[in-house]
Amino acid sequence: MKAPADCSALFPEKPALPNGLAISRRIRFPVPASGAAALQARQVARPALKLILGAGEQAERLSRRIETCLAELVALAYTVTTGDDLLCSVWTDRDHVFLAVEHEQALPTVPSDTTMGLSVVKAIADDYGTHRTDTGHQTWAAIVRH
């Protein structure tokens with residue numbers, strides 16, 4: 001499949017999150033902006049996800065998907081950050097788990113080696129995107145809880 005010349009459609013201007021979210025649990029944590037950021041994000045998120053999602057085989061499978069998606073979001077954000085930390089968020093409502101990583105610069109709008117991890121995010125997440133914030137940008141993903 002040939003990539004389009006302009007891939008701005010990959011990243012909606014505003015997130016397509018459902019209206020009227022009833023957020024039940026949220027964690028926010030920084031990870032140092034380094035080559036180990038993705039691994040550190042997984043390590044911090046893992047015990048929190050056990051508390052949020054509960055126990056059982058289904059929760060474990062969902063947790064692995066979330067950790068992988070979060071690690072890829074962090075790896076993407078790391079390539080466009082100039083700060084010392086990346087701020088990660090994980091929150092849930094009844095039907096979804098949402099992940100977000102805040103970073104200073106926008107992600108590239110055309111496919112490149114930098115955005116290869118986006119393929120993993122697209123394969124795991126049910127929705128994803130990036131948008132501007134007051135302090136920079138936020139890249140996010142939503143995963144439906146099955």
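FYI, the numbering just counts along the sequence from 1. The analysis underlying the following values was restricted to heavy atoms, covering all of them including side chains, and did not include hydrogens, waters or symmetry mates.
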*Considering the options Val121, Asp126, Val120, which one meets the side-chain contact (heavy atoms from CB on, under 4.5 Å) requirement together with Ile124?*
Val120
Sequence neighbours left out, cut at 3.5 Å: what donor-acceptor pairs do the side chains of residues 36-44 make with other protein atoms?
residue, atom, partner, partner atom, Å
Arg42, NH2, Thr68, OG1, 3.4

*Who pairs with Gln105 by side chain to side chain donor-acceptor pair (under 3.5 Å), at least two apart in sequence or on another chain?*
none
*Verify the cluster assignment for Phe29 and Val97: are they in a single hydrophobic cluster under the rule of side-chain heavy atoms below 4.5 Å apart?*
yes
*By side chain to side chain donor-acceptor pair (under 3.5 Å), which residues pair with Arg65, not counting sequence neighbours?*
none
_I'd like to know if Ile27 and Leu62 are part of one continuous hydrophobic network [Ile/Leu/Val/Met/Phe/Trp/Tyr, side-chain heavy atoms within less than 4.5 Å]._
yes
*Output the distance between atom CG (Leu86) and atom SG (Cys88), rounded to the nearest 0.5 Å.*
6.0 Å
*Can you measure from NZ (Lys122) to OG (Ser119) and round to the nearest 0.5 angstrom?*
6.0 Å
_Non-neighbouring partners of Glu104 that pass salt bridge (charged side-chain N to carboxylate O under 4.0 Å, His left out), sequence neighbours left out_ = none
*Could you give the distance from CG (Leu49) to OG (Ser63), rounded to the nearest 0.5 Å?*
4.5 Å
*Is a side-chain N or O of Thr130 found less than 3.5 angstrom from the main chain of Gln138, in a donor-acceptor match?*
yes
*If you round to the nearest 0.5 Å, how far is NE2 of His103 from OG1 of Thr133?*
8.5 Å
*Sequence neighbours excluded, every pair satisfying salt bridge (Lys or Arg N to Asp or Glu O under 4.0 Å) that has a member inside residues 75-86*: none
*asked:* Quick check: closest heavy atoms across Ala125 and Ile143, and the distance to 0.1 Å?
replied: CA-CG1, 4.0 Å
*Got Arg26 and Ser89 here, is their nearest side-chain heavy-atom distance under 4.5 Å?*
yes
*Report the distance from atom CG of Asp127 to atom CH2 of Trp140, rounding to the nearest 0.5 Å.*
3.5 Å
*For Arg145 and Asp93, work out which heavy atoms get closest and say how close.*
NH1-O, 3.2 Å
*For Arg61, all residues meeting side chain to side chain donor-acceptor pair (under 3.5 Å), sequence neighbours excluded*: Glu57
*Nearest-0.5 Å distance that lies between atom CH2 in Trp91 and atom CG in Leu99*: 7.5 Å
*Taking all atoms of both residues into account, what is the closest heavy-atom pair of Ala106 and Val80, and its distance?*
O-CG1, 3.7 Å
*Does any N or O in the side chain of Thr79 come within less than 3.5 Å of the main-chain N or O of Leu76, such that one atom is a donor and the other an acceptor?*
yes
*asked:* Quick check: closest heavy atoms across Gly83 and Ala33, and the distance to 0.1 Å?
replied: O-CB, 3.5 Å
